[in-house]
Amino acid sequence: MAKAPRNGPYICGIDAALDVVSGKWKGLILWELDARRVRRFAELRRGLPGVSEKMLTQHLREMEEDGLVHREVYAEVPPRVEYSLTEHGRTLNQALGPLGAWGAERMRREGSEAVDVAEISHG
């Protein structure tokens, strides 16, 4: 079943923004691509422990449709596909910065631990 396009009507700007970043992995994909600049699919998957191939593919497609992610396919055998943020994606990631700071403060206040992504993806 095809998903309805995300283009409103919206109640407010927060509603429109959350529509684009809805889903557990989209914010993390933005973060990973901002930190690493260019990633291949397998590299993204390793950098996001717990994401399924299906979910990562779905989110990347939606983010590409929304103009957040650029997908570059190289004419090689086997084909090489790289993902990077568009300028629109970078501005969204910057806008999410204060939300990330709020979350970090919440983690500190509640004594929550952060996942060591490097240890999970390499350990």
Side-chain angles (χ1 to χ4, degrees):
M1 173 157 68
K3 195 172 173 184
R6 292 179 302 280
N7 59 5
Y10 296 113
I11 296 168
C12 64
I14 298 261
D15 187 18
L18 290 178
D19 190 23
V20 174
V21 294
S22 64
K24 176 179 180 177
W25 301 103
K26 288 184 181 178
L28 296 172
I29 292 168
L30 285 168
W31 170 76
E32 178 74 9
L33 289 176
D34 187 61
R36 310 286 186 188
R37 300 291 178 217
V38 176
R39 301 303 268 171
R40 293 174 74 170
F41 186 88
E43 293 170 326
L44 269 173
R45 189 148 182 233
R46 278 193 302 273
L48 304 171
V51 69
S52 69
E53 186 172 325
K54 178 183 175 184
M55 189 56 61
L56 182 55
T57 299
Q58 178 183 326
H59 281 339
L60 285 168
R61 283 183 184 149
E62 289 174 5
M63 294 171 79
E64 187 179 6
E65 289 172 16
D66 289 331
L68 304 173
V69 169
H70 174 72
R71 181 177 182 262
E72 183 76 33
V73 180
Y74 295 89
E76 300 175 356
V77 177
R80 178 171 50 115
V81 179
E82 293 180 343
Y83 296 90
S84 59
L85 290 182
T86 62
E87 184 58 34
H88 192 53
R90 280 190 285 282
T91 62
L92 176 57
N93 200 50
Q94 290 168 356
L96 291 173
L99 184 61
W102 182 89
E105 174 57 25
R106 179 174 183 264
M107 289 170 59
R108 187 201 60 74
R109 186 178 64 251
E110 295 182 2
S112 300
E113 291 184 27
V115 173
D116 186 350
V117 176
E119 188 167 308
I120 289 173
S121 62
H122 298 80

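Along the sequence shown, residues carry numbers from 1. Just so it is clear, the structure is predicted and the values come from calculations on it, not from any experiment.
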Report yes if the side chains of [X] and [Y] come closer than 4.5 Å at any heavy-atom pair, otherwise no.
X	Y	value
L30	K26	no
L28	E32	no
L56	I29	yes
D66	H88	no
L60	R71	no

Quiz: residues 47-54 side-chain donor-acceptor pairs under 3.5 angstrom, not counting sequence neighbours:
unit_1	atom_1	unit_2	atom_2	d
S52	OG	M55	N	3.0

More than 12 heavy atoms of other groups within 6.0 Å of R106 CZ: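 At most 12 heavy atoms, drawn from other residues, nucleotides or ligands, come within 6.0 Å of this atom.
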Does R61 CZ have over 12 foreign heavy atoms under 6.0 Å away?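 Atom CZ in R61 is not packed in, count stays at 12 or less.
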Kindly give the heavy-atom pair with the smallest separation between V69 and T86, and that separation in Å.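 Heavy atoms of V69 and T86 come nearest at C-CG2, 3.8 Å.
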Any idea which heavy atoms bring R37 and S84 closest together, and the distance?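 Result for this residue pair: O-CB, 3.4 Å.
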Is any NZ, NE, NH1 or NH2 atom of the basic residue among E43 and R36 found under 4.0 Å from an Asp or Glu carboxylate oxygen of the other?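 Looking at R36 together with E43, the answer is no, because their closest N to O distance does not fall below 4.0 Å.
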Would [X] end up clustered with [Y] when hydrophobic side chains under 4.5 Å apart are linked, directly or stepwise?
X	Y	value
L92	L99	yes
L33	Y74	no
F41	V81	yes

I14: which residues meet the side-chain contact (heavy atoms from CB on, under 4.5 Å) condition with it, sequence neighbours left out?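 Applying side-chain contact (heavy atoms from CB on, under 4.5 Å) to I14 gives C12, L18.
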Go through the structure and list residues passing salt bridge (Lys or Arg N to Asp or Glu O under 4.0 Å) with R108, not counting sequence neighbours.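 With sequence neighbours excluded, R108 shows a salt bridge (Lys or Arg N to Asp or Glu O under 4.0 Å) to E105, given in chain and number order.
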